[in-house]
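Structure first, commentary second.
Just so it is clear, the structure is predicted and the values come from calculations on it, not from any experiment. Counting convention: from 1, in listed order, for ligands and their atoms alike. Computation of the quantities below employed the complete heavy-atom set of this structure, encompassing side-chain atoms and omitting hydrogens, waters and symmetry-equivalent molecules.
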Amino acid sequence: MSDMLRVDALGKRFGEHVVLKDVSFSLPAGASLAVIGPSGCGKSTLLSIIASLTPAGSGSVAMPQQWKTAFILQDYGLFPWKTVRDNLALPLQLGGVGRKERSCAVNAMLKELGLEGLETRFPVQLSGGQRQRVAIGRALISRPDLLLMDEPFAALDAITREHLQNLLLSVWQRRHMSFILVTHNVAEAVFLGRSIMVLGGSPATTRLWLDNPCFGNASSRNSDAYFSLIRKVHDALEDAKNMTEKETS
Ligand code: ADP
Ligand code: MG
């Protein structure tokens, strides 16, 4: 099997409500995809099916057997009664990794994500950005091949959001990892998705698929190409919204 994620003619319904229909794409190892679409169109459902947390209705999701996936939720999903160190160590502990090796991996992660000095704090003692960095660290510590993120930066202020977007890109550049990021922010999709998929309609399907020439390039943020791309994704998102609303009302 080739070294990629393949989603083929994926469909999903909840009772009578058909949420996803005929969603197909592939994502090579080391690639990134931003999925953008109106609220309620099925983005979280799609991620959850890819993560094997929800069964597919029809069609298939396939990836190399040895691939490990990790999932970051919008509400961070940290354990409030565990310190930063223990939250980070948890996936390794569950995986049966020994104490010494765990400790080394956690120290490296604290350093990589700029969390040194915070290891004995509890989540409630952290800012939103710090909490999300711990959630990213906890997802990365078991070295996933595919990282799934559901609106991970949506609750953060603009400056923190930008900082974490840059952090995510620099971590990604150091590893041979793929990621899928769900967002409703056009600029975020254009910054973080080497490919961009606009999902929408009722049932939702792929409305636009773009290979993104401005991907990961902060200096292109003032170029004509960048603005025309933003416009294109924005327009496709507006169309998807109209389609989603019309067909559900
Ligand atoms: P998005 O993430 O794009 O906002 P979701 O994937 O969360 O959308 O939801 C898509 C649609 O499926 C919504 O109408 C939602 O109410 C419905 N839905 C999601 N999960 C379930 C479920 N477990 N049971 C019934 N309906 C669901
Ligand atoms: Mg969602």
Side-chain angles (χ1 to χ4, degrees), residues 5-25 27 32-61 63 69-78 128 131-132 135-136 138-139 144 146-157 160-161 164-165 168 178-193 195-210 212 230 232-249:
L5 166 73
R6 281 181 193 282
V7 174
D8 191 33
L10 187 70
K12 179 69 183 176
R13 61 163 72 221
F14 293 109
E16 291 297 289
H17 180 190
V18 184
V19 176
L20 295 171
K21 192 183 171 193
D22 206 18
V23 176
S24 297
F25 65 89
L27 192 69
S32 79
L33 169 67
V35 177
I36 188 164
S39 168
C41 79
K43 304 181 296 298
S44 296
T45 303
L46 175 64
L47 271 198
S48 171
I49 294 172
I50 294 171
S52 299
L53 300 174
T54 301
S58 54
S60 63
V61 173
M63 67 183 89
T69 57
F71 206 155
I72 301 178
L73 302 165
Q74 183 171 345
D75 62 2
Y76 316 124
L78 299 177
R131 243 177 265 169
Q132 192 56 311
I136 293 172
R138 196 180 56 176
L146 176 64
L147 178 62
L148 305 169
M149 293 172 281
D150 196 355
E151 309 207 22
F153 310 133
L156 304 175
D157 63 82
T160 309
R161 166 187 279 252
L164 286 194
Q165 289 169 344
L168 174 66
S178 311
F179 71 76
I180 301 180
L181 172 104
V182 162
T183 179
H184 56 242
N185 183 304
V186 176
E188 182 165 286
V190 170
F191 186 54
L192 292 178
S195 303
I196 300 169
M197 175 167 112
V198 179
L199 198 67
S202 184
T205 192
T206 308
R207 299 292 163 185
L208 179 72
W209 179 279
L210 277 176
N212 174 7
I230 290 271
K232 216 165 168 176
V233 176
H234 177 269
D235 289 352
L237 181 61
E238 285 304 306
D239 287 349
K241 271 184 193 159
N242 291 333
M243 241 175 290
T244 307
E245 278 156 17
K246 213 178 282 157
E247 290 169 37
T248 47
S249 59

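K232 is listed as a side-chain neighbour of L210, based on a closest heavy-atom distance under 4.5 Å. F179 has its side chain within reach of L168: a pair of non-hydrogen atoms, C-beta onward, lies under 4.5 Å apart. Between P152 and L181, the closest side-chain pair of non-hydrogen atoms falls below 4.5 Å. In this structure, S39 and H184 have side chains that are not in contact, with every pair of non-hydrogen atoms separated by 4.5 Å or more. Residues P38 and K43 fail the side-chain proximity criterion, which asks for heavy atoms closer than 4.5 Å. Side chains of Q165 and L192 form a contact here, defined as non-hydrogen atoms less than 4.5 Å apart.
The nearest protein atom to atom 8 (O) of ligand 1, hydrogens excluded, is given as G42 N, 3.2 Å; this is a heavy-atom distance. Of all protein heavy atoms, the one lying nearest to atom 7 (O) of ligand 1 is S44 CB, 3.7 Å. Nearest protein heavy-atom neighbour of atom 17 (C) of ligand 1: F14 CD1, 4.0 Å.
Under the 4.0 angstrom criterion for non-hydrogen atoms, E151 is not in contact with ligand 1. At least one heavy atom of G40 sits closer than 4.0 Å to an atom of ligand 1.
In this structure, R161 contributes its side chain and E188 its backbone to no donor-acceptor pair below 3.5 Å. Within the 3.5 Å criterion, the main-chain N or O of L199 finds no donor-acceptor partner in the side chain of R207. A distance-only check finds a donor-acceptor pair linking the side chain of K12 to the backbone of P55 [under 3.5 Å]. A donor-acceptor pair under 3.5 Å links the side-chain atoms of N212 to the main chain of V190, judged by distance alone. Between the side chain of T183 and the main chain of I36, no donor-acceptor pair closer than 3.5 Å is present.
Counting only protein N, O or S atoms, 1 lie closer than 2.8 Å to the Mg ion (ligand 2).
Close contacts of ligand 1 with S39, meaning ligand atoms under 4.0 Å from a residue heavy atom, involve 4 (O). Listed by number with element, the atoms of ligand 1 under 4.0 Å from a non-hydrogen atom of H17 are 14 (O).
Protein heavy atoms come within 4.0 Å of atom 12 (O) of ligand 1. Within a 4.0 Å radius of atom 15 (C) of ligand 1, the protein has no heavy atom.
With V35, T45, I36 as candidates, the residue nearest to atom 6 (O) of ligand 1 on a non-hydrogen basis is T45.
In terms of polar-atom proximity, V19 is not counted as a contact of ligand 1, lacking any N or O under 3.5 Å from an N or O of the ligand. Checking only distances, C41 does come within under 3.5 Å of ligand 1, N or O to N or O.
At a cut-off of 3.5 Å, with distance as the only test, no side-chain donor of T205 or D22 sits close to an acceptor on the other residue.
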